[in-house]
K.L.:
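Here it is: the structure, laid out below.
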Amino acid sequence: MKGRKIMKGLSFIDPKYIHEGEFDSISVPEKSTHSHRKLAALILAACLVFSLAVTAYAANLFGIRELFRTYYRELPEAAEPYIRQETAAAEAEEGWSCAITESLSDSSTVMATVTIRGGSKYIVAPTDADPNGSARVIGIAGEQTLSEYAASQGKKLLLVGARILKVGDEEIGGGSQRMENISESEMVILTQCTKTVSASNLEAVCLVYAREEGSKDVQRIELPFVLSEAPATSEEMVYHPLNFNAIPGLTFGDMTVTETPLGYNIRMSATVTDQEASYNIMKVEIEGLTYGEGSHDSEDDGNWYFDAYMCQGTPGDILVVHYYDWDKQPIGEIEFRKVIH
C-alpha cells in the first residue's frame, strides 16, 4: 500500500544530546546501558541492495528529484547530472534495515535520500509521530491509531529518522528531513543540511535512528558515504554595501555570491554594534531572489553572517536586502553594488 505524502521538517540538536531530544519527551540517562546498546550493523557496500532501489529508484519515484519537487520546488536541471547513486547500507540485529540511495551536494548544501525498511517485524512511522495518533499519517485508511494498527498486523511500531551527522571534520548540528511512506513498512527520507567546508571527495556520515514504541532504547546506525561536490559554475561575485550602517545594530561588510548547479549561495558579513537591536531581526529578503535555506550565525572571528543557499533568480549589478522584525514589520533595507573587476 502506497502511503500518503508526509511532510516533516525537523530541526536537530547535537548528537550528544540525542537522549533528551531525539524522540518526543523521552529522557535517557547519559550512562544508560540501553542508550549505548550495540547495534550489530554490517555495512554491506553494494551487496545489500533493496528491491525498492531496483524498481522505484530506477524510475526516480522516490529519489532526490521527486522529493525535492514535492517539498520544495523543481530541482534545477543543471543539478541533475550531479545526483550520485549510493550503496551504503546496513541491517540492525533488531530486524530493520536502512540504505542511502542518492546524494547531491555543492559547496554549501548536502542532501541525501535514505530508505528504511521494517521487514517482517515493524510498521514504520516518522520519528515524531504519536503512537496514539491516526494511522492515516502513514497512509492507512480507517480510524485505528498507529499503535492499534501495528498490533492488528502482529507487528511493532518503529519510529525512525535520519540526519547528516558529519561532513569531513565538520560536525553538523542541524538540518531537516522530509518523509514519505512508501508502504506501511517502508519509508524514504530526504535529509538536508548546510556545511562550511568545501572540497572534493569529502567523507560524510548519515545517522539513522529508530525506537520501538514504548522503549527508551534508541537504536543508531551510522552510514558513511563520499560526497561528489557539484562545482561552482562561475567565479565568485563580490558586492559592496552602499549604506553599510542602514540596519540598526549592524555594520555591513561585503556580500559574496557563488553560483552552483543548485543555485546561488550568498554570504553577507556584518559586525554587531548593538546586540539588542540585532536580536530584533527575524527575516531577511533579497530583492529578486528566492532562497531555499537561510541562517544567521556568529562565528569565532567575531563577525555576524547571513547565509542563503540555493537561491533562484538572477543577481543584477545592485542587490537590495530587506530586513524585518518579529512582527514582520520592515526594519530597513541595504543596497549592495557589484564590484566590477
Side-chain angles (χ1 to χ4, degrees), residues 1-6 8 10 22-23 37-64 66-67 70 85-103 111-129 131 135-140 146-147 149-165 177-191 205-215 217-225:
M1 179 183 300
K2 183 182 181 299
R4 188 177 61 181
K5 289 183 174 65
I6 304 168
K8 300 290 180 186
L10 303 178
E22 199 167 60
F23 289 97
R37 180 179 178 184
K38 183 177 180 181
L39 287 173
L42 176 63
I43 304 300
L44 299 179
C47 299
L48 178 61
V49 179
F50 289 161
S51 60
L52 174 66
V54 178
T55 54
Y57 277 99
N60 195 43
L61 297 180
F62 299 104
I64 286 176
E66 171 64 17
L67 295 181
T70 299
Q85 304 301 310
E86 299 291 347
T87 58
E91 186 170 2
E93 64 179 10
E94 285 81 358
W96 59 277
S97 57
C98 57
I100 300 177
T101 52
E102 291 184 340
S103 68
M111 61 184 79
T113 45
V114 182
T115 298
I116 301 170
R117 304 184 76 180
S120 61
K121 184 177 179 181
Y122 294 111
I123 300 297
V124 177
T127 181
D128 66 340
R136 291 191 181 96
V137 74
I138 62 170
I140 305 300
L146 282 169
S147 184
Y149 180 75
S152 73
Q153 301 301 304
K155 296 183 178 183
K156 297 181 178 180
L157 184 63
L158 190 70
L159 305 173
V160 302
R163 57 167 297 221
I164 307 297
L165 184 68
Q177 58 180 326
R178 304 290 188 266
M179 302 174 173
E180 182 169 340
N181 272 79
I182 300 167
S183 71
E184 61 187 26
S185 59
E186 297 171 291
M187 177 182 287
V188 61
I189 299 173
L190 173 63
T191 181
V205 177
C206 181
L207 171 69
V208 183
Y209 49 91
R211 176 178 62 83
E212 289 184 12
E213 178 192 0
S215 173
D217 182 10
V218 180
Q219 306 166 35
R220 300 174 180 82
I221 292 177
E222 293 184 6
L223 297 175
F225 63 108

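Every value quoted in this text rests on a predicted model; they were computed, and no experiment measured them.
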K.L.:
Do the non-hydrogen side-chain atoms of Ile116 and Ile189 ever get within less than 4.5 Å of each other?
P.N.:
yes
K.L.:
Taking side chain as C-beta onward, heavy atoms only, is Met187 less than 4.5 Å from Thr115?
P.N.:
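Not touching, per the 4.5 Å side-chain cut-off.
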K.L.:
Can you list the steps and then say if Val188 with Leu67 is a side chain to side chain contact (heavy atoms under 4.5 Å, CB included)?
P.N.:
CA-CA 9 Å; Val188 61; Leu67 295 181; 3.9 Å; yes
K.L.:
Locate the shortest heavy-atom distance separating Val124 from Asn181; write the atom from each residue and the value.
P.N.:
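What the structure gives for the nearest pair is O-ND2, 3.2 Å.
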K.L.:
Let's go through Trp96 and Ile221 carefully: what are the C-alpha distance in whole Å and the side-chain angles of both, what is the deciding distance for side chain to side chain contact (heavy atoms under 4.5 Å, CB included) to 0.1 Å, and is it a yes or a no?
P.N.:
CA-CA 11 Å; Trp96 59 277; Ile221 292 177; 3.7 Å; yes
K.L.:
Please find the pair of heavy atoms, one from Ile64 and one from Met111, that lie closest to each other, and give the distance.
P.N.:
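Smallest interatomic distance, heavy atoms only, reads CG2-SD, 3.7 Å.
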K.L.:
Could you check Thr127 against Tyr209 for side chain to side chain contact (heavy atoms under 4.5 Å, CB included), going step by step and ending with a plain yes or no?
P.N.:
CA-CA 9 Å; Thr127 181; Tyr209 49 91; 3.6 Å; yes
K.L.:
For side chain to side chain contact (heavy atoms under 4.5 Å, CB included), just list the numbers for Leu165 and Glu222, CA-CA rounded to whole Å, side-chain angles, deciding distance to a tenth of an Å, and then say yes or no.
P.N.:
CA-CA 8 Å; Leu165 184 68; Glu222 293 184 6; 3.5 Å; yes
K.L.:
Taking the side chain as every heavy atom from C-beta outward, state whether Glu180 and Glu66 have any atom pair closer than 4.5 Å.
P.N.:
no
K.L.:
Report the distance from atom CD of Glu186 to atom OG of Ser97, rounding to the nearest 0.5 Å.
P.N.:
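It is 9.0 Å, given to the nearest 0.5 Å.
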K.L.:
From Arg117 CZ over to Ser185 OG, what is the distance, rounded to the nearest 0.5 angstrom?
P.N.:
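Atom-to-atom, Arg117:CZ and Ser185:OG are 7.0 Å apart.
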K.L.:
Got a second to check how far Ile140's CD1 is from Ile123's CD1, nearest 0.5 Å?
P.N.:
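Rounded to the nearest 0.5 Å, the CD1-CD1 separation comes out at 7.0 Å.
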K.L.:
Judged by atom type as modelled, is there a donor-acceptor pair below 3.5 Å linking the side chain of Lys121 to the main-chain atoms of Glu94?
P.N.:
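A pair under 3.5 Å: yes.
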K.L.:
Within a strict 4.5 Å, meaning less than it, do heavy atoms of the Gln219 and Glu212 side chains meet?
P.N.:
yes
K.L.:
Looking at every heavy atom in both Ile138 and Pro126, which two are closest together, and how far apart are they?
P.N.:
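Between these two residues, the closest heavy atoms are CG2-CD, 4.1 Å.
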K.L.:
Mind listing the closest non-hydrogen atom pair of Ala125 and Leu157 along with its distance?
P.N.:
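Where Ala125 meets Leu157 most closely, the heavy atoms are CB-CD1, 3.9 Å.
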K.L.:
What is the distance from atom OH of Tyr122 to atom NZ of Lys155, rounded to the nearest 0.5 Å?
P.N.:
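Nearest 0.5 Å value for the OH-NZ distance: 12.0 Å.
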K.L.:
Before you tell me yes or no, could you show the steps for Glu213 and Ser147 under side-chain hydrogen bond (donor to acceptor under 3.5 Å, both in side chains), namely the whole-Å CA-CA distance, both residues' side-chain angles and the distance that decides it to 0.1 Å?
P.N.:
CA-CA 8 Å; Glu213 178 192 0; Ser147 184; 2.9 Å; yes
K.L.:
For Ala112, is there any backbone N or O sitting under 3.5 Å from a side-chain donor or acceptor partner on Glu102?
P.N.:
no
K.L.:
Of the non-hydrogen atoms in Leu223 and Cys98, which two are nearest, and what is the gap between them?
P.N.:
CD1-SG, 3.9 Å
K.L.:
Counting distance only, does the side-chain N/O of Ser215 pair as donor-acceptor with the main-chain N or O of Arg211 below 3.5 Å?
P.N.:
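The answer is no, because no donor-acceptor pair under 3.5 Å joins these two groups.
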K.L.:
Between Ile100 and Phe225, which heavy-atom pair has the shortest distance, and what is it?
P.N.:
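Reported closest heavy-atom pair: CD1-CD2, 3.3 Å.
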K.L.:
Backbone N or O of Thr113 within a donor-acceptor pair of the Thr101 side chain at under 3.5 Å?
P.N.:
yes
